[in-house]
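Accompanying notes for the structure given below.
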Amino acid sequence: MSRKMKPHRSTPSRRASSQRHFNVNDAPRVEKPLPLVCGACGACGSYNVGTVTLDPTVAKSPDQSAMVEAVGFTGYFRCRECDAGGPWEFPPETVMYLTALTVAALAEIEDVPLILGCTATFDKQTFRYTTDGEAHLKGLIDREPERAFLWVRLGNLYSHAGQNERSETAYERAIELDPEDIEAHAMFGQLLVEVGRPLEAVPHWHAVLKHARDARQVNKELRRNLVRGAIECLLEARAESNGQIDLLPKMDPDEMEKGREDEPVVLELREFDLGSEEGINDLCDMFVEPPRRRGRGLFRRRRKQVPDASDGWRATPMRREALTVGRNDRCPCGSGHKYKKCCGR
């Protein structure tokens, strides 16, 4: 799931229709439960709504009913009476609170738990409530149940809403369908760290490094970010374990030689200064796309080594001992004809 926001502008602009992404995890949440009325059964209750979202096109509307219909929540909750996920109606005290949040957001006051924007899934399907996004993704999964990508998106939605158990189940299903999905491993590893299970996350960080190079369905920038995050988490885990945790994944010799039965495997030993930004970037590049050196990759054919002059050997040009005759040269027999029309036949 992605978050898209249309930035509010006081004056028209040619770029006013553009959208920018915003991670709701970076936004503050409503600290106390908010009174809401279930639009399905009319039951009233207080719920942890997460962060409030408001369509910026109606943020300044004097019509309160229009503003209420444009409000959404990033938290995951259902009616305690009928289990409905919406729609929700607002009692007067909630309307006053939301109005105060809107005024503060328009005044660009910091730490306001309201975002002028809307939530959307990866396919640009906007929704007001997290339960609506859940229903949309589950509908896609019903049509393509074996597609790991959709399970990762569902896990991300649950993770943003603070539903850790649901998120863990979705990520596990994605990895079961595609063990080489680096997004699933990275998101699951991050979740395990957040819930206080960092040791269980280590195999997933290793999986990100191991499969990042071949994950061509993921754009290079995202692959690089996932690899960098995995390296930083592994560095921290290694330091906390006093070196007991391996920084880099162990490579299976059978996998290293896969597809290279007819050529030797050459390992390149390199040094990285992981205390510097440049060193970490170089290490990331090695996993995302190994640098090419003289047209060769990390695993390459062994080239014949030419000894230098210090070994007492000097390279000399190679000369032919026998006379060579071109096809269009005069024939050496003395006939005066071209070689190809004379002895060359």
Side-chain angles (χ1 to χ4, degrees), residues 1-13 15-39 44-79 85-122 124-134 136 153 156-164 167 187 190-191 194-195:
M1 182 181 67
S2 61
R3 299 290 193 267
K4 294 182 178 180
M5 290 179 51
K6 297 179 180 179
H8 170 73
R9 297 177 183 272
S10 57
T11 57
S13 170
R15 299 184 60 186
S17 61
S18 64
Q19 295 180 336
R20 64 185 180 91
H21 294 273
F22 183 82
N23 191 336
V24 296
N25 290 339
D26 298 331
R29 301 189 175 198
V30 178
E31 296 181 354
K32 59 183 180 180
L34 202 63
L36 300 174
V37 177
C38 177
C44 183
S46 297
Y47 300 91
N48 294 315
V49 300
T51 302
V52 180
T53 62
L54 177 62
D55 189 338
T57 59
V58 298
K60 291 186 175 182
S61 174
D63 185 1
Q64 285 191 343
S65 61
M67 185 192 73
V68 170
E69 292 178 357
V71 169
F73 306 111
T74 64
Y76 184 92
F77 55 93
R78 292 180 175 274
C79 176
W88 299 97
E89 299 175 359
F90 309 140
E93 61 268 29
T94 299
V95 173
M96 293 179 59
Y97 178 73
L98 294 176
T99 302
L101 290 183
T102 303
V103 173
L106 292 175
E108 299 183 354
I109 298 177
E110 296 183 357
D111 299 330
V112 177
L114 183 144
I115 297 175
L116 292 176
C118 56
T119 50
T121 53
F122 71 97
K124 299 182 181 180
Q125 179 68 40
T126 59
F127 57 90
R128 294 174 59 191
Y129 313 123
T130 301
T131 49
D132 294 338
E134 175 192 41
H136 174 69
R153 305 281 85 74
N156 291 347
L157 181 142
Y158 286 140
S159 178
H160 289 312
Q163 297 293 306
N164 295 332
S167 180
M187 296 300 101
Q190 180 178 337
L191 175 65
E194 291 175 355
V195 298

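In this text the structure is predicted, and so the values were computed from the model without any measurement.
- The CZ atom of Phe77 lies 5.5 Å from the CG atom of Leu36; values are rounded to the nearest 0.5 Å.
- Checked against side-chain contact (heavy atoms from CB on, under 4.5 Å), Asn164 has the following partners two or more places apart in sequence or in another chain: Leu191, Val195.
- Counting only heavy atoms from C-beta outward, the side chains of Tyr47 and Leu34 never approach each other to under 4.5 Å.
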For this session: Check the pair Val71, Trp88 against side-chain contact (heavy atoms from CB on, under 4.5 Å), reporting the backbone distance first and the verdict last.
Result: CA-CA 10 Å; Val71 169; Trp88 299 97; over 6 Å; no

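- You'll find the side chain of Cys118 stays beyond 4.5 Å of the side chain of Asp55, heavy atoms only.
- The main-chain N or O of Pro113 is never found under 3.5 Å from a side-chain atom of Arg29 such that the two would form a donor-acceptor pair.
- Residues Tyr76 and Tyr129 form no side-chain contact, since every pair of their non-hydrogen atoms from C-beta on lies 4.5 Å or further apart.
- Scanning all heavy atoms of the two residues, the minimum distance from Glu134 to Leu157 falls at N-CD1, 3.8 Å.
- Atom CD in Glu31 sits 11.5 Å away from atom CG in Asn48 (nearest 0.5 Å).
- Contact annotation: the side chain of Pro35 approaches that of Glu93 to within less than 4.5 Å [non-hydrogen atoms, C-beta and beyond].
- Minimum interatomic distance between Ala104 and Val112 (heavy atoms only, all atoms of both residues): CB-CG2, 3.8 Å.
- Side-chain atoms of His160 and Thr74, non-hydrogen and from C-beta on, never get closer than 4.5 Å to each other.
- Separating the CD atom in Glu89 from the OG1 atom in Thr94 is a distance of 11.5 Å, to the nearest 0.5 Å.
- For the pair Thr130 (side chain) and Ala161 (backbone), a donor-acceptor distance under 3.5 Å is absent.
- A distance-only check finds a donor-acceptor pair linking the side chain of Arg128 to the backbone of Glu69 [under 3.5 Å].
- Considering Thr102, Val103, Ile109 in turn, Thr102 is the only one that fulfils the side chain to side chain contact (heavy atoms under 4.5 Å, CB included) rule with Leu106.
- Across Ser167 and Ser159, no two heavy atoms sit closer than the pair OG-CB, 3.6 Å.
- To the nearest 0.5 Å, atom CD of residue Gln190 and atom CG of residue Asn156 are 9.0 Å apart.
- Under the 30°/60° scheme for interplanar angles, the aromatic rings of Phe90 and Phe73 are found to stand perpendicular.
- Using a 4.5 Å heavy-atom threshold, the side chains of Val52 and Leu101 count as touching.
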